[in-house]
Amino acid sequence: MKLVDTHCHLDNEKFDEDRLEVIERIKENLEFCVNIGYDLASSKKSLELAKEYDFIYAVIGIHPIDIAEYDEEVEKELELLGKNPKVVAIGEIGLDYHWMTEPKEVQQERFKKQLELAERLNKPVVIHTRDAMEDTVNILKEYPNITGVIHCYPGSLETAKQLVDRFYLGIGGTLTFKNSKKAVEVVKDIPLDRIVIETDCPYLTPEPFRGKRNEPIYVEYVAKKIAEIKEISVEDVTKITTENAKKLYRIG
Ligand code: NI
């Protein structure tokens with residue numbers, strides 16, 4: 001069994017020059033990857049990629065930083081795209097109080113609308129949350145049937161314990177950084193069957209490539225770090241996190 005990248009952005013312009021080679025490396029080295037939209041255009045590109053390659057799946061939605069474009073028309077288009085079976089979740093959606101392009105209230109209202117969209121389509125969600133954990137958790141409590149993943153989980157161990165009954169925690173390259181104390185604590189104490197591995201590429205490149213462009217096959221370095229923290233084999237990390245990814249996105 002191979003690893004999965006549960007969160008990548010292959011449509012990003014940083015892959016324009018060698019996208020085919022990057023995709024070839026995914027085919028060789030990973031079980032599959034999930035490409036995540038952040039606005040309507042990238043959501044469409046995400047589905048195009050998923051239609052072209054059987055080992056790529058799509059997630060569609062409007063990111064809190066791009067939430068200004070969200071209106072009824074966009075929602076209708078997302079709902080139509082979301083009916084395609086290669087769309088495995090709605091995301092990335094959530095709250096970002098760090099890069100506030102829209103006020104908190106607007107972000108919250110449109111986050112809720114997209115949670116309701118996920119409910120209508122019967123799909124899990126990919127959550128982005130930055131400097132907004134408390135509001136994110138409270139909103140998710142209003143939707144007890146929603147499942148999914150908290151991408152690049154930025155919270156404390158205590159909050160993680162409240163979330164893992166319904167949500168997987170997405171762990172990426174930041175785990176390998178020197179100042180990743182909080183993430184190490186989370187990985188150590190949260191059972192492996194609630195963790196999925198991601199890159200968020202082209203961003204958040206793990207050590208030893210920190211500062212360079214990230215790509216899906218670098219999930220390997222995250223898996224190695226998890227194995228080291230949990231004192232288990234990389235094979236076990238691979239097997240369990242790949243099964244988790246399939247359960248999360250209801251694949252296979
Ligand atoms: Ni992302």
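In listed order, ligands and their atoms are each counted from 1.
Between Y218 and F209, the distance from one ring center to the other falls under 6.0 angstrom.
Between H128 and H63, the angle of the ring planes lies from 30° to 60°, which puts this pair in the tilted group.
Using a 4.5 Å cut-off between side-chain heavy atoms of Ile, Leu, Val, Met, Phe, Trp and Tyr, with links allowed through other members, L204 and V22 fall into different hydrophobic clusters.
A salt bridge links K225 with E228: the distance from a Lys NZ or Arg NE/NH1/NH2 to an Asp or Glu carboxylate oxygen falls below 4.0 Å.
The Ni ion (ligand 1) is the vertex of the angle joining NE2 of H7 and OD1 of D200, which measures 90° to the nearest 10°.
The Ni ion (ligand 1) sits nearest to atom OE2 when only the N, O or S atoms of E92 are considered.
Residue contacts to the Ni ion (ligand 1): H128 brings no N, O or S atom closer than 2.8 Å. With a cut-off of 2.8 Å, the Ni ion (ligand 1) has no N, O or S atom of C152 in range.
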